[in-house]
Amino acid sequence: MIDIIHDYWLLFLVGQYPNGPLGGLAATLLLALTGLALAFPCAMALAVARISPFRWISLPAAAIVHTVRGMPFLMVIFWSYFALPHLIGWPISGFWTLVGALVLYESAYLAEAIRAGIQSLPKGQTEAARSLGFGYFRTLGFVVLPQALYNSLPSLISQFVSLIKETSLGYVISVNEFTFAAAQVNSQLLTRPVEVFSILALTYFVLCFSLTQTARWLEGRIARRRQGRPAVTPILATEPAP
């Protein structure tokens with residue numbers, strides 16, 4: 001296994017780059033980060049729509065979230081691969097096809113994490129903001145969302161871990177990511193698939209385990225901060241602690 005890493009570490013890390021497209025572990029992380037960055041604003045919009053008092057806004061948002069969460073990600077990839085070129089009118093690369101699928105799929109899961117963070121806040125926060133003359137959107141933007149996003153940080157990191165693992169399904173549409181790079185190494189060696197894919201599995205494990213531990217550390221830190229101070233924000237310092 002050591003000799004495989006020694007001979008093919010560059011292919012595992014960046015694929016054929018700079019003589020070809022970026023691939024390997026670097027492409028996996030780039031896919032996950034791009035997917036998270038683009039899914040985050042969509043997820044915030046869905047989460048805010050889900051808690052809207054207007055049913056004509058909340059019901060379609062709930063339908064989108066539950067429909068997407070009920071679909072296997074592989075189906076979302078195939079749908080994106082065949083449907084996106086027709087919807088936008090021109091062909092797109094496998095990289096952006098997978099990004100589109102990740103954004104659609106992860107927006108639904110991130111929306112639920114953000115919604116849970118919003119609904120975990122004491123109702124007194126919103127009531128105090130309204131008593132100070134804040135409107136609905138100012139209350140949401142300056143009081144509710146900053147606290148909800150802070151409380152949701154561990155869930156966001158956990159979703160990033162899921163994104164990293166989901167990028168491996170890009171192999172089915174020939175996206176040049178980490179699993180695809182491992183398959184290229186295996187096709188060159190032919191007789192050592194167990195060792196090649198063990199390297200793949202161990203790398204995924206180390207990366208995802210490290211991020212999961214970071215999420216747990218953040219969750220504990222947030223819990224300690226919430227226990228160690230009154231559940232109020234500086235702008236609402238006049239509100240009595242619950």
Between W96 and T34, does the side-chain contact (heavy atoms from CB on, under 4.5 Å) criterion hold? Intermediate values first, please. CA-CA 10 Å; W96 289 109; T34 305; 4.1 Å; yes
Report the C-alpha separation of L22 and F95 in whole Å, then their side-chain angles, then the decisive distance to 0.1 Å, and conclude whether the side-chain contact (heavy atoms from CB on, under 4.5 Å) test is met. CA-CA 10 Å; L22 182 68; F95 179 93; over 6 Å; no
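The CD1 atom of I157 sits 12.0 Å away from the OG atom of S210 when rounded to the nearest 0.5 Å. Rounding to the nearest 0.5 Å places CD1 of I199 at 10.5 Å from CG of N186. We find the CD-CG distance between Q16 and L11 to be 5.5 Å, quoted to the nearest 0.5 Å. Here the CZ atom belonging to F197 is positioned 11.0 Å from the OH atom belonging to Y204, to the nearest 0.5 angstrom. Here the OG1 atom belonging to T28 is positioned 9.0 Å from the CG atom belonging to L98, to the nearest 0.5 angstrom. Between atom CG of residue L25 and atom OG1 of residue T179 there is a gap of 10.0 Å, rounded to the nearest 0.5 Å.
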For residues 66-85, which side-chain N or O atoms pair as donor and acceptor with protein atoms under 3.5 Å away, sequence neighbours left out?
unit_1 : atom_1 : unit_2 : atom_2 : d
T67    : OG1    : A63    : O      : 2.6
S80    : OG     : V76    : O      : 2.9

Would you be so kind as to tabulate the donor-acceptor pairs closer than 3.5 Å made by side chains of residues 44-61, with sequence neighbours excluded?
unit_1 : atom_1 : unit_2 : atom_2 : d
R50    : NE     : E112   : OE2    : 3.2
R50    : NH2    : E112   : OE1    : 3.4
R50    : NH2    : E112   : OE2    : 3.2
S52    : OG     : F54    : N      : 3.1
S58    : OG     : F54    : O      : 3.4

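In terms of hydrophobic clustering, with Ile, Leu, Val, Met, Phe, Trp and Tyr side chains grouped at heavy-atom distances under 4.5 Å, Y105 and V172 are assigned to a common cluster. Each of L13 and Y171 belongs to its own hydrophobic cluster when Ile, Leu, Val, Met, Phe, Trp and Tyr are linked at side-chain heavy-atom distances under 4.5 angstrom. Both L207 and L36 belong to a common hydrophobic cluster when Ile, Leu, Val, Met, Phe, Trp and Tyr are linked at side-chain heavy-atom distances under 4.5 angstrom.
A donor-acceptor pair is defined here as one N or O able to donate and one able to accept, closer than 3.5 Å; such a pair exists between the side chain of E177 and the backbone of F180.
The two residues A32 and I164 have their closest heavy-atom pair at CB-CG1, 3.8 Å. Contact between S107 and A39 at its shortest, heavy atoms only, is OG-O, 3.5 Å. Shortest non-hydrogen contact noted between V103 and C42 is CG1-SG, 4.3 Å.
Between F178 and F12, the ring planes lie perpendicular to each other; the angle is over 60°, past the 30° to 60° tilted range.
Looking at heavy atoms from C-beta onward, L189 lies out of side-chain contact with E195 at the 4.5 angstrom threshold. Using a 4.5 Å cut-off on side-chain heavy atoms (C-beta onward), E166 and L163 make contact. Counting only heavy atoms from C-beta outward, the side chains of I114 and L149 approach each other to under 4.5 Å.
Other residues sharing the hydrophobic cluster of V206, ordered by chain and number and joined by side-chain separations under 4.5 Å: F205, F209.
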